[in-house]
Amino acid sequence: MIPPRPPAPRRSSPRKSGSIRPPSSSVPAVPKTRGPFHRGRVSRLMSTRSSSSSTSKNEETIIKHVVQGVTCREVHIPVKNIEGGIVILEATAESQDELVEVACATEEETNLATEKKKLIQHGDPYGAVLWPASSAVSDYIMTQMSLGGLTVLELGTGTGLCAMAAALGGASKVVATDYEEIPLRLLEYAVHHVNNVKREGRGEDEDRRSKLSVIETGYFDICNHNVPLPRADVVIAADIMYEPKTGIAAAIRTVEALKAGSRVVIGCSPGRPGRPYYSEKLKELLPGINAEFQKVQGRTCSGPRNDLICGVNSTSVSLQPKPLTVALIDLCPEKYFA
């Protein structure tokens, strides 16, 4: 008997972040009850397939890579003060559809690819595509901060744009974390096989290779408060407040970081449901704190999106990248803790 179709998941919400443990090819199975796609079985209909008729032709001409069975396309992102910008890897339309299939699968559906099951153990495929706040945070840390000699921790790294920007910006160590495996693998591949290659001509770019070598990846779930934050001088995050739970968790982690002496920079694209919960929880934990976000300029993302990853009316995506106002908060520990 086919179960009734549940309400559609929140479509325009981005991903949550991704306890640090070494990446492993044999991650224990997680019960299919967590994550945005596990609030009931979702029927895989044609209406949920990736929608981008005007970009599908372009996708045939771009450079593609296969990372652990996931076909990805190169996306060049301009970042302020980084010559040549940064190239991230983003799942193609077909791979997004496959990842959503895995995310929607029940325990009984055993005919899905085992390899992809390992990549999204928590049912969260959002980290396989780029989100606008990543550009805003990357530009901000490159223009408003001096990262030389500092350790930077990124929560919910996703495609790894901010982590790579921090490394190219001079950080002595960058720890890029997520609670799903797919973002970590995409970032590692982008670091070792894409961004250390000269854009013009062949051969390695030794300067980039050296700077990007400071990036480490690891598993970390911001909602698992039994595991403390890794030590860092700066903690950054982009678009992790996609539901109330992650907004509250981000506030708790913000206070934890500030108490440890870390500066905290978080970007949030328009319409993220967890942001009000973040501000409310932050004020509760630190009475008198200025929990107001400033407005900074980010950019929309382009390219195909599965409708269950990003709804067709989302402001996060456009046919061509264009300016988008993004909320950003920058908190320094010395203002609140001696």
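Excluded from the calculations below are hydrogen atoms, water molecules and symmetry mates; all remaining heavy atoms, backbone and side chain alike, are included. Position 1 is the first residue of the sequence, and the numbers go up from there.
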Exercise. Dump the intermediate steps for side-chain contact (heavy atoms from CB on, under 4.5 Å) on Leu286 and Phe337, then the final yes or no.
Key: CA-CA 10 Å; Leu286 285 179; Phe337 299 98; 3.6 Å; yes
Reported [atom1]-to-[atom2] distance for the pair [X] and [Y], which is rounded to 0.5 angstrom:
{"X": "Thr92", "Y": "Glu98", "atom1": "OG1", "atom2": "CD", "answer": "7.5 Å"}
{"X": "Leu212", "Y": "Asp205", "atom1": "CG", "atom2": "CG", "answer": "9.0 Å"}
{"X": "Leu130", "Y": "Leu89", "atom1": "CG", "atom2": "CG", "answer": "11.5 Å"}
{"X": "Thr71", "Y": "Gln96", "atom1": "OG1", "atom2": "CD", "answer": "11.5 Å"}
{"X": "Gln144", "Y": "Leu328", "atom1": "CD", "atom2": "CG", "answer": "9.5 Å"}
{"X": "Ile266", "Y": "Leu155", "atom1": "CD1", "atom2": "CG", "answer": "7.5 Å"}

Quiz prompt | Cationic N near anionic O, under 4.0 Å, Arg263 to Asp233 | solution =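 Not counted as a salt bridge, because no side-chain N and carboxylate O are separated by less than 4.0 Å.
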Quiz item: Hey, are Asp207 and Lys211 close enough for a salt bridge, meaning a charged N less than 4.0 Å from a carboxylate O?
Solution: yes
Exercise. I would like to know whether Lys64 and Cys72 meet side-chain contact (heavy atoms from CB on, under 4.5 Å); could you show each step before the answer?
Key: CA-CA 5 Å; Lys64 296 182 181 180; Cys72 305; over 6 Å; no
Sidechain-backbone polar pair: [X] side chain, [Y] backbone, donor-acceptor under 3.5 Å:
{"X": "Glu154", "Y": "Ala237", "answer": "no"}
{"X": "Glu243", "Y": "Gly274", "answer": "no"}
{"X": "Thr325", "Y": "Lys295", "answer": "no"}
{"X": "Ser213", "Y": "Ser210", "answer": "yes"}
{"X": "Asn196", "Y": "His192", "answer": "yes"}
{"X": "Ser302", "Y": "Ser318", "answer": "no"}
{"X": "Trp131", "Y": "Tyr126", "answer": "yes"}

Taking distance alone, no hydrogens or angles, what donor-acceptor pairs closer than 3.5 Å link side-chain atoms of residues 132-140 to residues at least two apart or in another chain?
| unit_1 | atom_1 | unit_2 | atom_2 | d |
| --- | --- | --- | --- | --- |
| Ser138 | OG | Ser134 | O | 2.8 |
| Asp139 | OD1 | Lys80 | N | 3.0 |
| Asp139 | OD2 | Arg299 | NH1 | 3.2 |
| Tyr140 | OH | Asp330 | OD2 | 2.6 |

Quiz item: Mind checking what makes side chain to side chain donor-acceptor pair (under 3.5 Å) contact with His65, not counting sequence neighbours?
Solution: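 Testing His65 for side chain to side chain donor-acceptor pair (under 3.5 Å), a comparison that skips the adjacent residues, returns Glu74, Tyr189.
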Quiz item: Does Glu90 have any side chain to side chain donor-acceptor pair (under 3.5 Å) partners at least two apart in sequence or in another chain, and if so, which?
Solution: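 Counting only residues at least two positions away or on another chain, Glu90 forms a side chain to side chain donor-acceptor pair (under 3.5 Å) with Arg73, Arg305.
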Quiz prompt | Within residues 313-326 or reaching into it, pairs that qualify as salt bridge (charged side-chain N to carboxylate O under 4.0 Å, His left out) - sequence neighbours excluded | solution =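 For residues 313-326, and leaving out neighbouring residues, there are no salt bridge (charged side-chain N to carboxylate O under 4.0 Å, His left out) pairs at all.
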Under 3.5 Å, side-chain donor or acceptor atoms of residues 160-174 against the rest of the protein: list the pairs with distances, not counting sequence neighbours.
| unit_1 | atom_1 | unit_2 | atom_2 | d |
| --- | --- | --- | --- | --- |
| Ser172 | OG | Gly149 | O | 3.2 |
| Ser172 | OG | Leu150 | O | 3.2 |

Practice problem: Please test Val265 against Ile329 for side-chain contact (heavy atoms from CB on, under 4.5 Å), starting from the C-alpha separation and ending with a verdict. | Solution: CA-CA 6 Å; Val265 176; Ile329 193 166; over 6 Å; no
Are [X] and [Y] side-chain neighbours, meaning at least one heavy-atom pair lies under 4.5 Å?
{"X": "Leu229", "Y": "Leu153", "value": "yes"}
{"X": "Tyr336", "Y": "Leu331", "value": "yes"}
{"X": "Val175", "Y": "Val152", "value": "no"}
{"X": "Val264", "Y": "Arg253", "value": "no"}
{"X": "Arg208", "Y": "Asn195", "value": "yes"}
{"X": "Thr177", "Y": "Thr157", "value": "no"}
{"X": "Thr159", "Y": "Leu187", "value": "no"}
{"X": "Ile240", "Y": "Thr246", "value": "no"}

Which atom pair, heavy atoms only, marks the closest approach of [X] to [Y]?
{"X": "Pro270", "Y": "Thr315", "result": "CB-OG1, 4.1 Å"}
{"X": "Ala257", "Y": "Val235", "result": "CB-CG2, 3.9 Å"}
{"X": "Arg272", "Y": "Met241", "result": "CB-O, 3.4 Å"}
{"X": "Ala91", "Y": "Val70", "result": "CB-CG1, 4.2 Å"}

Exercise. Look at atom CD of Gln294 and say whether more than 12 heavy atoms of other residues, nucleotides or ligands are closer to it than 6.0 Å.
Key: yes
Taking only distance into account, with no hydrogens and no angle test, what donor-acceptor pairs under 3.5 Å do side-chain atoms of residues 275-284 form with protein atoms, sequence neighbours excluded?
| unit_1 | atom_1 | unit_2 | atom_2 | d |
| --- | --- | --- | --- | --- |
| Tyr278 | OH | Thr254 | OG1 | 3.0 |
| Lys281 | NZ | Glu284 | OE2 | 3.2 |

Practice problem: Apply the test side-chain contact (heavy atoms from CB on, under 4.5 Å) to residues His225 and Glu256: give CA-CA distance (whole Å), side-chain angles for both, the deciding distance (0.1 Å), then the verdict. | Solution: CA-CA 10 Å; His225 299 291; Glu256 180 183 356; 5.5 Å; no
